[in-house]
6 protein chains.
Amino acid sequence: MNSSLRISGRRPDEMRAVTITRHYTKHAEGSCLIAFGDTQVLCTATVEESQPRWMRNEDRGWVTAEYGMLPRSTNVRMGREAAKGKQSGRTLEIQRLIGRAMRAVVDLQALGKRTIWLDCDVIQADGGTRTASITGAFVAMHDAVTGLLKAGLIRHNPLRDHVAAVSCGMVAGMPALDLDYQEDSRCDTDMNFVMTGAGGFVEIQGTAEGVPFTRPEFESMAALADQGIKALVQAQKLALLKG
Amino acid sequence: MNSSLRISGRRPDEMRAVTITRHYTKHAEGSCLIAFGDTQVLCTATVEESQPRWMRNEDRGWVTAEYGMLPRSTNVRMGREAAKGKQSGRTLEIQRLIGRAMRAVVDLQALGKRTIWLDCDVIQADGGTRTASITGAFVAMHDAVTGLLKAGLIRHNPLRDHVAAVSCGMVAGMPALDLDYQEDSRCDTDMNFVMTGAGGFVEIQGTAEGVPFTRPEFESMAALADQGIKALVQAQKLALLKG
Amino acid sequence: MNSSLRISGRRPDEMRAVTITRHYTKHAEGSCLIAFGDTQVLCTATVEESQPRWMRNEDRGWVTAEYGMLPRSTNVRMGREAAKGKQSGRTLEIQRLIGRAMRAVVDLQALGKRTIWLDCDVIQADGGTRTASITGAFVAMHDAVTGLLKAGLIRHNPLRDHVAAVSCGMVAGMPALDLDYQEDSRCDTDMNFVMTGAGGFVEIQGTAEGVPFTRPEFESMAALADQGIKALVQAQKLALLKG
Amino acid sequence: MNSSLRISGRRPDEMRAVTITRHYTKHAEGSCLIAFGDTQVLCTATVEESQPRWMRNEDRGWVTAEYGMLPRSTNVRMGREAAKGKQSGRTLEIQRLIGRAMRAVVDLQALGKRTIWLDCDVIQADGGTRTASITGAFVAMHDAVTGLLKAGLIRHNPLRDHVAAVSCGMVAGMPALDLDYQEDSRCDTDMNFVMTGAGGFVEIQGTAEGVPFTRPEFESMAALADQGIKALVQAQKLALLKG
Amino acid sequence: MNSSLRISGRRPDEMRAVTITRHYTKHAEGSCLIAFGDTQVLCTATVEESQPRWMRNEDRGWVTAEYGMLPRSTNVRMGREAAKGKQSGRTLEIQRLIGRAMRAVVDLQALGKRTIWLDCDVIQADGGTRTASITGAFVAMHDAVTGLLKAGLIRHNPLRDHVAAVSCGMVAGMPALDLDYQEDSRCDTDMNFVMTGAGGFVEIQGTAEGVPFTRPEFESMAALADQGIKALVQAQKLALLKG
Amino acid sequence: MNSSLRISGRRPDEMRAVTITRHYTKHAEGSCLIAFGDTQVLCTATVEESQPRWMRNEDRGWVTAEYGMLPRSTNVRMGREAAKGKQSGRTLEIQRLIGRAMRAVVDLQALGKRTIWLDCDVIQADGGTRTASITGAFVAMHDAVTGLLKAGLIRHNPLRDHVAAVSCGMVAGMPALDLDYQEDSRCDTDMNFVMTGAGGFVEIQGTAEGVPFTRPEFESMAALADQGIKALVQAQKLALLKG
C-alpha cells in the first residue's frame, strides 16, 4: 500500500490526531472540544428537567441534538443560518443523525422525565464534522449523565454502551479512513459509520458521488471503519478517565 | 422460512405489487404514478431551459428533486408544510436523497444547460415513500429526456443507467424486503438501498432504531435489496416499453 | 347561439364532463377525486376530535379547508409553497372560500366539539380548480359525516343541504358556463357562484378583468350558474348513491 | 320603511358621513384620509419609476396595493402583522381586491414603464375598511397621476373613469347600505360592490354568513349599491375640485 | 450664536413646535397624535388583563411597546415590514427603547397582573420619530392608567414620574436640539436622551456617525437635552390638563 | 473605597483579566479569541472582494458585523436562533453596534470595493459580550487589513485608529468598571462606552434599569470607562505586536 495515495500523506487506515478536551465551557452539564485533525467541534450537553411536548405523560426521557457551523469555520464564509432565517437541509440532516446516534445507546426509561440537548457547534471545519460531532457529543452526554447519577437524580446509568462515528471513502480506487476536506471533496464514495463500543452498527450512510460502489468496496470500507471506531472509543475512554 | 413472520403475510423476499402508470398528468414533460402496494407517489419531471444560479457559466445542466406528502396521505392528518412555512428535516433529507440518486445516472454535460426538476408527491403513504419516489422519478425523468432527444435539443442520451431504490429491514431477527408502514414502525433496522441497473450502490442508508445490527445482518439485507432492485428495474423497463 | 364561439367547442351552457370518484384514498374519513374536464382535484375530509383553540369552551364544532396545487399541476411548473415558506394570497383566498362554503351548509352545534378539515389538492389544473374543490369537498365531507353518524358519534345529520360551485364568464360578449383555463385567461369577466342544493346563493365573486360588466350580463351569468349548480348537485347525489 | 330597523338609526339607503381630506401627508405623490363615519383610512399613492420584475420589457406600467391595520384600530388590539412575520389571508385578500379595482380604470400602457403603489392603512376601523380603502385610493392615485401629467412625464391621462366601493347587507331581512361594524357582524349577507363612475361592475363579492340569499335579495342590494356608488363618486369629484 | 447655522433656521436650543392631540382614536384606552414639527406619530395604549407568559405567577404587570412606520411616512416609500415578513433591526431597537423608557416610570407591582401595550405608528417622518414616540406614548399610557384608577381596578397610581425624550446633535461643530431629518442625516453625532420629569437619565444613546465626539461636546448636548425635556414634560402636562 | 462592594472582589476601577489569542482559526483572514474574564468571544474577519448591493457603483467598501451566542454559552440553554428562524432584537441591536464601531475607525474609500465581515460568536458568556466583541473584532479586522496591505491589494492603511469598548455600571451607588454577569443583572445603570485610541467617543449607550442616573454619576462612569479603554487599547497593541 502506497501512502502517497493520500493527499494528506496518511496511510489508508490512518486517522487524523484525535483530541478530546473535557470541561471546555463552564456552564454546560457536560462539554468537550473534540478535534479530528483541523476539524474542531464544541459539544455541550444540557439537562432540562422536562420532556418534549409530544412525549408528555410517557414514563421516559428524550435525547436530541442541534448542529451548527460558525460562519467562518469554513474556507469561504457561509451565510449565518440565523440571519437567513432557516437551517439548511444539510444541517437538519446532520442534527437528526447525531440525535439518533445518541439515542441508540441511551435507555430513555432510565433517564427519567428529562431531556438532554446536545449542541455540536463547528469552530473549524476540515471534513468529518458530523463524525467528530457524534464522537464528542457522547463524551459531553456521558459527563451530563454522570452528574445526574452523582446528584442522585437517577439511579441506574442509562448509557448502555459507547457510540462513535468515522468516515471512509474510496479515494482513487483505494479505501481510506477518516477523510479530511480535500479527500472528501475528491473521493468517489463517502461513507459514514456510526457504531457502538461493542461493534454493532447504529447507522450507515454511504453515497457514491461519482462512480457507484460495489459490495467488496463496501466491505473494505466497513473493515477500516471498524478499526477507526475502536480507536475513537478508546480515545473517549481515555478522556473520561481524567477527573 | 415461515411467511407468518411478516404481518403482511409476504415472504421475506417478496415485494409488494409494483405498478407504474406513465403519462399520469398532461402538463409535465414526464410523469408517472408509481405504487408499491398501498403507497402511491405521483412523480413528474419538468424541463427548464436554464441552469441554477450557482452553476452559471458552467457547461452542463442540473437535476434536482422536491418531495411532499399530501396532508391526508397518512393515517393521521399531518399539518401542511406550506401552511407551517417550512419543510421538515425529513422532507429535506428525502428530497436531497432523490436528487443525488437521479444525478448518479445522468451525464450532466450531455444534458446541456438546463435543469430537470423531479417532483415526488405522495398521494397515499404506507411505508417506502422515498424508495417509490426514486424508482418513479427515474421513469418520469426518462420520459422527459426522451422528449429532449426527439426534439433534437440534445444529441446523446445523458442517462447512463437505470436507478431504483428499495428498503430492507430486520423484522423480528429476520431480514425482510420492501417494508410497509406497519413493518417499518416495528422493525429494529431500516435500510434503504439505491442501486443502478448494473448493480452498483449509489446510496446506502441504514439506521438501527432498536438493537444495533451486525455485519452478517447487513449482508443478508444487501442480498435481498439486490433482488428487489432487479425486479424494480425490470418494472421500469416494462413500463417504458409501452408507447 | 353559435357554439363555435367557445374555444372548447362547447355550447355556452355546456359544462365539462364531471366525474366524482369516491374513496380515492384509504386513510381519510372521506375522500374523492373530482374532475371538471382536465381539472382534477383530490379532496379529503379529516375528522379531528378537538376544536380549534379560539373556539374552546363553545358547544359546537368547526369546518375548515386547505388548498394546494402540486408544482406541476400547471402548464409551467410553479414553485412549491412549502419550499418558498409561505402560501400565496391566491391560495389563502381560495381556502378561505372553500371553508366558508362548507360551513354554510353545516349545523356546527350538531357537529359537536370536533373539527372537519377539508384538503383540496390540485393534481391537474385546467381552470375552475376552486369550483371543483368546493364541489368535491362537499362529497368528502358527506362521507366523513356519514361515518360519524354510523359510529353513533353524532345523532343528527349536521348537513342542511348540498353546496356546489361553478364559474361563469363573459367570453367575447357572450355568457359561458364552467370556463376552462384558455377561456378563463381570455374572458372579460370571471364569476364564481357558490350555491346550495335549494338554489340559495352562498357566495358570489365576480371580477371584471377587462371591461366592467353590466347588470344584464350579471343576470345572464347567474342564470347559467343556476343550471350548472343543479347539474353538479345531481352529480354529487349520484356519486353518493353508490356504496 | 322603518328607520329603527338599523342599529345606527340610519335609513336603509343612508350612507355614513363621507369625508375625504386630500394632501394628508407631505411625502407621498398623492394622499388622503378618507372617513366613512368612524372608519378612517389613510391612503397614499407612490410613483416608482420602474416596473415589477415579472413585467420587464413590456411596454406598460403597473398599479398595485398594500393594506394594513394599525394594531389598535380595532376594538380589541390585533397582533401586529410585522411582528407575527406574515400578513393574514384577510389582508392579502383585501389588498389584491384594491389592486384589481384600481387597475380596472387605468390604461397601463398610457401609464408608461412605472409602478403606482397604493398604501391603505386603517387608522380606525368601524366596518367597511375595504370599501373606504378603494374609494380613497382612487383619490390618492388621481393626485399622483395629475402630478405625472403636470410634470410632462406622461402625455395622456391613463385614468379612464372613477372607481369606488360600497358594502350592502341583508339586516334582519332588509337590505341596508354601507354597513358599520355592528351591522356587519350581525347581518346574514355581506356584499361588496366595486363600480365605475359609469355604473359598470368591476367586482362583486358577496357572502352569506348565515342564511343563503336569493336573487331578489341580490337585486335589492345591487340597487342600493348603485345609489351609494353615485354618492361616493360625487364625493371624490368634490374633493378633487379643491386645489 | 448664529441661528443661520441650522438649516431649519432654528436657534441651537430651539425645538420644533410640539403638539399633542389626545383621544385621537376611539377604541384605545389611551391615544394621542404627537407632532414634533412635521414628524407625526400616533401613540395608543391598550390595557390587557393578562400578563406575558414568562411572567406568570409573579405579582406584577408589564409594559411593552411596538413601533412601526407607514410605508409612505418617509420621503421614499419603504417596503412594508408585514409584507417582508420581518421587522428590521432598527424597528426592534426602537421598540425595545420605548418599552424600557415607559417601564422606568411605572411601578409594575402597583399596575397589577395586566399588560399595557404601547403602539407607536409613524404617520409622517421628519427626524426624531423615536423621541416623539416616547413622549407621546407616556401621554397615552397616562390616559390608560387614569382609566384603570377611575374604574377602581387599581388603587395607587403606578406612574412615578413623567418620561420624555429628545435628540441632540453636533451640527457643524455646534450642539443643536431636536434634529429634523435633514439635520440628522448631516450631523456628526446624534444623541437621544430619555429623561424623567425630575431630570434623571433613563437612557442615553449617542453615536458618532462621522468624527468621534468629546466629553465637552457631550456636556453641551446634555445641557440642551435638559432644557428640551423640561419643555416636553410641560407640553405633556398641558395636554393632560384638558379633559 | 471598599473592595467588598463588588461581588467579584474587584476594585471599582479594576477590569477582569483580558486575553487576546490571535490566529485562533485557520481559515479566516483575521481571527482571535478574546476573553474578558470568563466571557469568551471568537472574532473572525472575512474579506470579500465585492460590495453590498445597495452600495454598487460607489467608490468605496463596507464593514459589517454579525453576532451570535452558542446555545449553551449561557447558564441556562438558549434556543438556537437558526432553529427559531429569526435573530432576536438583542442580537440585531448588538451586531449593528459592532458594525458602527468598526466603521468609525475605517476609511471606507481606502478599503476599496470590498467588504469586511466581522463575526463575533460567544463561546462562553459572563457579562460584557458586546464590549468584548468590539474589542476583539478590531484585532481580527486589523489582521485582515494587514493581509490586504501585504498582498498589495490596498496601498494605504484604512484604519485611522484603534477602537475598543467597555461597560460601566452603578452598583449599590458606586460606579464600577467592566461588569460581569452577576453585577450586570443587579446594577441600577448599565453603560457601554465605545471609544477610539485617541479617547474620542464613538458610541455611548446607557440604560437605567432601576433608579434613573444623574449627571455626576454619568461623569464618574465616563472617567472609569476612559481608564478601561486605555487598558484595552494597550492589550490590543500588545497582541498585535506578536507575529
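Computed from a predicted model, the values in this text were never measured in an experiment. Just so it is clear: chains get the letters A, B, ... in the order the sequence lines come, proteins before strands, and each one is counted from 1.
- Salt bridge status for F:Arg100 with E:Glu209: absent, with no side-chain N to carboxylate O gap under 4.0 Å.
- Of all the listed residues (F:Ser88, F:Gly206, F:Gly200), the one sharing the greatest number of non-hydrogen pairs under 4.5 Å with chain E is F:Gly206.
- Here E:Arg90 is the residue among E:Met195, E:Arg90, E:Arg103 with the most heavy-atom pairs under 4.5 Å with chain F.
- Residues E:Val202 and F:Phe213 form no side-chain contact, since every pair of their non-hydrogen atoms from C-beta on lies 4.5 Å or further apart.
- Of the residues considered (E:Ala104, E:Gly199, E:Ala222), E:Ala222 shows the highest number of contacts with chain F, using heavy-atom pairs under 4.5 Å.
- The choice from E:Met191, E:Arg215, E:Glu219, E:Gln205 that makes the most heavy-atom pairs within less than 4.5 Å of chain F is E:Arg215.
- Within the 4.5 Å cutoff, side-chain heavy atoms of F:Glu93 are placed close to those of E:Arg96.
- For E:Thr207, the parts lying near chain F are the backbone and the side chain together; criterion is any non-hydrogen pair under 4.5 Å.
- By number of non-hydrogen pairs under 4.5 angstrom with chain E, the leading residue of F:Gln95, F:Glu203, F:Lys86 is F:Glu203.
- The CD1 atom of F:Ile204 sits 9.5 Å away from atom OG1 of E:Thr189, with the distance rounded to the nearest 0.5 Å.
- Between E:Phe218 and F:Phe201, the angle of the ring planes lies from 30° to 60°, which puts this pair in the tilted group.
- Within residues 52-74 of chain E, no residue approaches chain F closer than 4.5 Å by heavy atoms.
- Summarising the geometry of E:Gly89 relative to F:Leu92, their closest heavy-atom pair is CA-CD1, 3.8 Å, with the distance given to 0.1 Å.
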